[in-house]
Amino acid sequence: MRRSDFPELTRRIGDQPLTYLDSAATSLMPTPVLKVLQAFYATNYANVHRSVSTLGYEATNRYEEARQQVARWLHAGSDEIIFTAGCTDSLNLVAATWGRQHLHAGDEVVVSIMEHHSSLLPWQQLALQVGAKLRFIQLTPAGTLDLEQARTLFNAHTKVLVLTQVSNVLGCENPVGQLAKWAHAVGAIAVIDGAQAVPHLAVNVAALDCDFYAFSGHKLLAPTGIGVLYGKRVLLQQLPPYRYGGEMIADVSCETASWADGVQKFEAGTPNIIGAIGLAAALTYLTKIGWQRIWQHDQVLLQDLATRLAAIPGVTLYGSGPRYGVISFNLAGVHPHDLATVLDQLGVEVRAGHHCAEPLVHALGTESTVRASVFLYNDQTDCDRLISGIKTAKEFFHVT
Amino acid sequence: MRRSDFPELTRRIGDQPLTYLDSAATSLMPTPVLKVLQAFYATNYANVHRSVSTLGYEATNRYEEARQQVARWLHAGSDEIIFTAGCTDSLNLVAATWGRQHLHAGDEVVVSIMEHHSSLLPWQQLALQVGAKLRFIQLTPAGTLDLEQARTLFNAHTKVLVLTQVSNVLGCENPVGQLAKWAHAVGAIAVIDGAQAVPHLAVNVAALDCDFYAFSGHKLLAPTGIGVLYGKRVLLQQLPPYRYGGEMIADVSCETASWADGVQKFEAGTPNIIGAIGLAAALTYLTKIGWQRIWQHDQVLLQDLATRLAAIPGVTLYGSGPRYGVISFNLAGVHPHDLATVLDQLGVEVRAGHHCAEPLVHALGTESTVRASVFLYNDQTDCDRLISGIKTAKEFFHVT
Amino acid sequence: MLHDLRELYQAVILDHAAHPRNQGKLATATSDQLVHNPSCGDTIHLYLQVIQGRIAAIEFTGSGCTISQASASLLTTVIKGKTMQEALTLADHFSALAMGQAAPKAGLGDAVILTQVMQFPTRIKCATISWWALKQAILTEQEEEA
Amino acid sequence: MLHDLRELYQAVILDHAAHPRNQGKLATATSDQLVHNPSCGDTIHLYLQVIQGRIAAIEFTGSGCTISQASASLLTTVIKGKTMQEALTLADHFSALAMGQAAPKAGLGDAVILTQVMQFPTRIKCATISWWALKQAILTEQEEEA
Ligand SMILES: Cc1ncc(COP(=O)(O)O)c(C=O)c1O
Ligand SMILES: Cc1ncc(COP(=O)(O)O)c(C=O)c1O
């Protein structure tokens, strides 16, 4: 789909054409998004807020329009959308503000074993500091979250549910709405990591009724360095600031300071203006192509990959379908890094390792996996090249 | 100088040509830097670190080369350069890690009255939390730091000196090396805000012997969303992490985690790769033109502006020369915002307000000032248009 | 190119800024409201004396640009003697006009000149801030009465 | 296109990875060193028994890719019986070669095949990690002696 919009796809790896199957790490940038950035730099670029000049006003408008666009797309209010440096930054913000305010000794955090380190660690470290306890939602043998067990974890001590909507290793979608209900029933909040969900699912934060929702732009055709944190209005109003600096204040004296209203309180210093413009341009680009079309396209490719991978003797697939964006597997007798090196020699770019989800990978009974991930610009040829690459690797390493 | 590299300079404000005198807020982006970003997106773009694939390797190399380039330029080791989301983020990092670890009740922070909110507030708020005390270096009547008074502030309780190298309101250079010596003599560290210094001065962190040094890329022709924190090797080794997440770990289990060595410990999650590449490209661009040439050019323009502004009856200049990059003033009988609005109508983009330095602006005996700032792409015509704009404003508001 | 500016900064506006009417800290105030525009440091402190639902007296103190000071001064001249309900309606009309929306101009007197500020989007807040303070003060007054 | 790979993954390497020599937790060890490659999870735990300045016995445990496991296995076969000084020199030579720098190959035996890893920059650490562990273990041993 629109491969020609992605110039990087025409490059070669050594003497081989490129098959990019690592979009779950970072998606490529299409020319139309780059053109928007270029035009912005050439006409409206300036610092935002606090300026009486035309340029500053135009840049501020574009920045705030980007916020509104993100808000509409997530079904949130634009006073509930904080721009951050990325998903990791967003998730740290919640733990550093809401968490520090509300988590005390003896409290409990319900967290899935599937969490990315960026989702787990802010709460793990805070819990260690204050003497709170992490309670893990484990896997069923099928590699999905064990909801029976999960249900038993919520109690009067539970303060937070920390949950990834789509696993960056298994690709499964977790029942966020259901788990958020259980959290709310005991008075806890639900903090959702949407990094891998937003490119592959319709996200409606109002319908999910989650309290915080985080993602990164760079997995969604936008530049690096921009992320989003959705937070429920009433919660944001009660939070202390995250970082201190310019633009987030109402008034500053030598001794004390008061904070700006609304989301500005959380955006200290010059924000990543160009990142926000890029994120808006990426959403526009994806919307124009049609989200439904993109999701269906990704589903078809992944389904096909799953079937063909499962048919290769020695291949273990992790988790079970439906998968969103990513599929993880191992090949008996070949270490994931050796397999990834062979594939790389063939121009097929996958990822091998623990994918910043060590607890999950250990729960799957392994140290690392190979992960292939797809997005709108992948096609059947990419899948063919992956499958044939794995067969080549089997021959190369003499495994049967 | 190379105005043609800056496409935004050709746009108009209403029916007027643009005179951009707000580079101290954000500098414009030259086409050669944009071209580097474009080429990177088209060929080497991928996530960094932790990949065995060629693309990931290339992107990581470019990212780490950017770090090395920044290090060489600041006269630091590349294991002393942390990429952040911006100067504000850098300064918050120091207070949140070193500060939280070392600042206790009864301790003192020596801080100049000139600090930008991004430099003051992280320490002001930390001091309020732990019961430490801020001691302010005041101004001389000439509008420079009062070194006599400063000297009396350092004592056995002093833990930190917080100092801006160049004021974003006055444009003066503070004697960082001297004050850092006084700080070190009582066992305190020196945290230097270099946001306005790096575009206009040769910075050598080794010679300054500062402990931390922070700046933003976007004031230096680079994109928004990228900043730098220099920290002395021995200090960085002892610091706890700032944010938690992917890429900054050595090992993670459900219950605990250990951290990566070196600067990676401070770069949780996907960093702003494109921002770092852009910063490196901007440094390359500026180096090619020649820093000396740029500084001299800026000096000539500011000197000229100072002389001509001082000659206008009713104009008050703040501070005294030499000024680096910025000059602040007021016009008797015309509020800065009214003046800025008239100038904006004439296409002259300046900034009016407290410039995120409320304590300084109050110490100057006012509520706000007009600030004009110059960089390499400004020329004599820009100065002429500012001066003639001020004269027009005087006529417009009937002040004599 | 200064045409739009001349429409905004008319003689009466400059006069109100230079010689503000009803400036002071009304000793008999029944309610007051302090507002602050963090982007420029403008401050307006509005004092109201409400007697039997009518704004019997009104004064302000503050500092800031021509627009914000003239706006506060004009507001006091327009509002004095109005009922709380009339004042609320005028505040809504002024704010709407200043943001370029359609609304009746009746009753705003010379204050209507300041709605020209809609041509200068970055300055709209300077003109509307005192009217916003008025609205807050009246709402507080009404709450206390209820 | 797999030519370079064949140079690296030679039969002897695959054999060492599949059937590592000197695997175990040496009971008589006088020093040991655990290293971990966070980027892929490879782990090598090296155990040395030093007698009168000579590495009398050496074993390792660990898990990871072909390169890291074969490298550790080959290291043990090469290093056993060497003096600490000889071992340090070999470790330096191996690391230099693996990074594509010039250094003598003498004494490295079959381990020299793994210096082909220089063709695969992202895998260099897999090959050098056990040699790095060796160096650390010896330096610790020497410190303790001193
Ligand atoms: C002196 C000074 N310090 C800190 C900052 C903060 O930089 P940023 O907004 O890029 O984080 C600025 C710029 O606004 C500044 O001028
Ligand atoms: C599930 C999940 N959560 C969080 C993150 C962190 O995102 P970032 O590295 O952009 O901060 C990622 C991506 O690496 C992810 O896949």
Side-chain angles (χ1 to χ4, degrees), chain A residues 7-8 11 13 22 25-26 28-29 34 38 41-43 45-47 50-55 85-89 92 116-118 121-122 124-125 136 216 218 223-226 243-246 249 252-254 257 268-270 272-275 337 340-341 344 349 351-353 356 358-359, chain B residues 7-8 11 13 22 25-26 28-29 34 38 41-43 45-47 50-55 85-89 92 116-118 121-122 124-125 136 216 218 223-226 243-246 249 252-254 257 268-270 272-275 337 340-341 344 349 351-353 356 358-359:
Chain A
E8 189 160 326
R11 69 159 276 175
I13 302 296
D22 199 18
T26 285
L28 303 179
M29 160 131 346
L34 193 63
Q38 206 167 348
Y41 273 128
T43 46
Y45 187 55
N47 211 322
R50 317 248 158 136
S51 166
V52 302
S53 72
T54 301
L55 272 187
C87 187
T88 300
D89 194 29
N92 275 270
H116 188 279
H117 295 162
S118 292
L121 288 176
Q124 181 197 77
Q125 295 299 309
F136 283 88
S216 275
H218 71 93
T224 51
I226 185 79
R243 286 182 285 248
Y244 303 96
I249 59 109
V252 171
S253 70
C254 286
T270 304
N272 190 352
I273 305 164
I274 197 77
H337 281 89
T341 293
D344 183 45
E349 308 288 283
R351 196 149 282 243
C356 299
E358 274 196 64
Chain B
E8 189 161 325
R11 70 160 275 175
I13 302 294
D22 199 17
T26 284
L28 303 179
M29 160 131 346
L34 194 63
Q38 204 168 351
Y41 274 128
T43 48
Y45 187 55
N47 210 321
R50 317 249 158 136
S51 167
V52 304
S53 72
T54 301
L55 272 187
C87 188
T88 300
D89 193 29
N92 275 269
H116 189 278
H117 295 162
S118 293
L121 288 177
Q124 181 197 76
Q125 295 299 309
F136 283 88
S216 276
H218 71 94
T224 51
I226 185 77
R243 286 182 285 246
Y244 303 97
I249 59 108
V252 172
S253 69
C254 287
T270 304
N272 190 353
I273 304 164
I274 198 76
H337 281 90
T341 293
D344 182 45
E349 308 288 284
R351 196 149 283 241
C356 299
E358 274 195 64

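If you measure heavy-atom distances from Y41(A) to chain B, the contacts under 4.5 Å come from both the backbone and the side chain. Interface residue L55(A): backbone and side-chain heavy atoms are both found under 4.5 Å from chain B. Residue contact with chain A, scored on non-hydrogen atoms closer than 4.5 Å, involves the side chain of L34(B) exclusively. With a 4.5 angstrom heavy-atom cutoff, I13(A) touches chain B only via side-chain atoms. The contact between Q38(A) and chain B is made by backbone and side chain atoms together, counting heavy-atom distances below 4.5 Å. Contact annotation for R351(A): only side-chain heavy atoms (C-beta onward) come within less than 4.5 Å of a heavy atom of chain B. The contact between R243(B) and chain A is made by backbone and side chain atoms together, counting heavy-atom distances below 4.5 Å.
Side chain of E8(A) to backbone of Y45(B): a donor-acceptor contact under 3.5 angstrom is found. The main-chain N or O of H218(B) is never found under 3.5 Å from a side-chain atom of T224(B) such that the two would form a donor-acceptor pair. Checking side-chain atoms of Q124(A) against main-chain N and O of H117(A) turns up no donor-acceptor pair under 3.5 Å. Within the 3.5 Å criterion, the main-chain N or O of S53(B) finds no donor-acceptor partner in the side chain of E349(A).
Of the residues D89(A), T88(A), N92(A), the one that meets the side-chain hydrogen bond (donor to acceptor under 3.5 Å, both in side chains) test with S118(A) is T88(A).
Of the residues considered (P7(B), C254(B), P122(B), G225(B)), C254(B) shows the highest number of contacts with chain A, using heavy-atom pairs under 4.5 Å. Per-residue heavy-atom pair counts under 4.5 Å with chain A were compared for G353(B), P223(B), G275(B), and the maximum is reached by P223(B). The residue among M29(B), H116(B), H337(B) with the most heavy atom pairs within less than 4.5 Å of chain A is M29(B). Note: T54(A) leads T54(A), I274(A), D22(A) in heavy-atom pairs under 4.5 Å with chain B. Per-residue heavy-atom pair counts under 4.5 Å with chain A were compared for A257(B), A85(B), C87(B), and the maximum is reached by A257(B).
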- Message: Quick one, L121(B) with V252(A), criterion side-chain contact (heavy atoms from CB on, under 4.5 Å). Give me CA distance, side-chain angles, the key distance, then yes/no.
- Response: CA-CA 8 Å; L121(B) 288 177; V252(A) 171; 4.1 Å; yes
- Query: Does the side-chain contact (heavy atoms from CB on, under 4.5 Å) test come out yes or no for E358(B) and I249(A), once each step is laid out?
  - Reply: CA-CA 11 Å; E358(B) 274 195 64; I249(A) 59 109; 3.6 Å; yes
